Amino acid sequence: TLAERTNLAGVQHILLVLSGKGGVGKSTISTELALALRNAGKRVGILDVDLCGPSIPRMLRVQDSAVHQCDSGWVPVFVGQDKAIALMSIGFLLERPDDAVVWRGPKKNALIKQFVTDVAWGDLDFLIVDTPPGTSDEHISTVEALRPYQLLGAVLVTTPQ
């Protein structure tokens, strides 16, 4: 539909950050990458689809922020003094940021699809997608939902061994 086309229409490149296991630093890499791109003068967004461990709001010190609705969907939280990084995370939708999220596949997949289609990103040079650990349903849902858009690629985070 047209609405699905428009929310990501202003996004030039999409970058997935993936790993085969947890605890390797995906969220740290996603955050540092966003900050580096912003410092290079780029307009950046982060989509935190790590539903079980949404740590990016805490890393960017916006864990107490709320997400608002507008005509074209959710308005991301804008981070930093210059409000230069747009962030959307499940962490903003939980009662308490430390709540554990236990959801079955269909509900997780629906939320990921909604994050892709219903966030009003505006014009971005880069959208960085922080994914959950492993190679699960969420990754397939994320890639499926992003398939119609220009995907720049993926950063695979591994451990040194």
Side-chain angles (χ1 to χ4, degrees), residues 4 7-8 10-11 13-39 42-70 72-122 124-146 149 154-157:
E4 285 179 26
N7 273 346
L8 283 174
V11 177
H13 303 288
I14 301 170
L15 189 57
L16 294 176
V17 180
L18 308 155
S19 77
K21 62 189 288 295
V24 295
K26 277 180 307 305
S27 298
T28 303
I29 295 281
S30 298
T31 301
E32 292 295 332
L33 199 52
L35 292 168
L37 287 165
R38 190 214 46 207
N39 290 342
K42 304 296 182 190
R43 295 162 304 176
V44 184
I46 305 175
L47 175 56
D48 183 3
V49 294
D50 188 348
L51 306 183
C52 298
S55 52
I56 292 187
R58 181 172 288 133
M59 288 180 174
L60 292 172
R61 295 197 185 113
V62 289
Q63 66 267 34
D64 298 326
S65 301
V67 170
H68 303 288
Q69 297 263 264
C70 69
S72 50
W74 283 321
V75 179
V77 169
F78 292 92
V79 180
Q81 288 179 310
D82 53 0
K83 305 285 184 211
I85 296 177
L87 171 62
M88 185 62 194
S89 170
I90 181 71
F92 298 135
L93 305 178
L94 300 174
E95 292 274 323
R96 292 184 302 282
D98 294 328
D99 282 356
V101 181
V102 182
W103 287 349
R104 297 184 66 117
K107 191 169 178 187
K108 288 197 271 196
N109 296 345
L111 182 70
I112 288 169
K113 190 169 185 341
Q114 197 174 3
F115 269 179
V116 168
T117 57
D118 294 350
V119 176
W121 292 109
L124 295 176
D125 295 307
F126 291 91
L127 177 62
I128 296 164
V129 183
D130 186 38
T131 65
T135 51
S136 65
D137 236 15
E138 286 105 301
H139 299 87
I140 296 166
S141 298
T142 303
V143 171
E144 283 295 314
L146 291 170
Y149 309 100
V155 172
L156 193 59
V157 184

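The structure displayed is predicted, hence computed values, not measured ones.
Between N7 and V119, the closest side-chain pair of non-hydrogen atoms is not below 4.5 Å. Residues M59 and T28 form a side-chain contact, since some pair of their non-hydrogen atoms from C-beta on lies under 4.5 Å apart. At least one side-chain heavy atom of L60 sits under 4.5 Å from a side-chain heavy atom of I46.
Taking every heavy atom of both residues into account, Q63 and R58 meet most closely at OE1-CA, 3.6 Å. Closest approach of L87 to P57, counting heavy atoms only: CD2-CA, 4.0 Å. The two residues F92 and V62 make their nearest non-hydrogen contact at CE2-O, 3.2 Å. Taking all atoms of both residues into account, the shortest heavy-atom contact from W121 to A86 is CZ3-O, 3.7 Å. Smallest separation of non-hydrogen atoms from S19 and V24: CB-CG2, 3.5 Å. Between D48 and P54, the closest heavy-atom pair is OD2-CA, 3.3 Å.
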- request: Show the numbers, then the answer: is there a side chain to side chain contact (heavy atoms under 4.5 Å, CB included) between L18 and V157?
  value: CA-CA 6 Å; L18 308 155; V157 184; over 6 Å; no
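To the nearest 0.5 Å, the span separating CG on L156 from CD1 on I29 amounts to 11.0 Å. Taking CD1 of I56 as the start and CD1 of I90 as the end, the distance is 13.5 Å to the nearest 0.5 Å. How far NE2 of H13 is from NZ of K42: 7.5 Å, rounded to the nearest 0.5 Å.
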Acceptor/donor pairs from residues 125-132 side chains to any protein atom, 3.5 angstrom cut, sequence neighbours excluded:
unit_1 : atom_1 : unit_2 : atom_2 : d
D125   : OD1    : R43    : NH2    : 3.0
D125   : OD2    : R43    : N      : 2.7
D125   : OD2    : R43    : NE     : 3.4
D130   : OD1    : S30    : OG     : 3.2
D130   : OD2    : S27    : OG     : 2.7
T131   : OG1    : V17    : O      : 2.7

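Every residue two or more places apart in sequence or in another chain that forms a side chain to side chain contact (heavy atoms under 4.5 Å, CB included) with V75 is listed here: C70, F78. Applying the side chain to side chain contact (heavy atoms under 4.5 Å, CB included) test to D82 and every residue at least two apart in sequence or in another chain returns R38, A84.
A centroid separation of less than 6.0 Å is found between the aromatic rings of F115 and W74.
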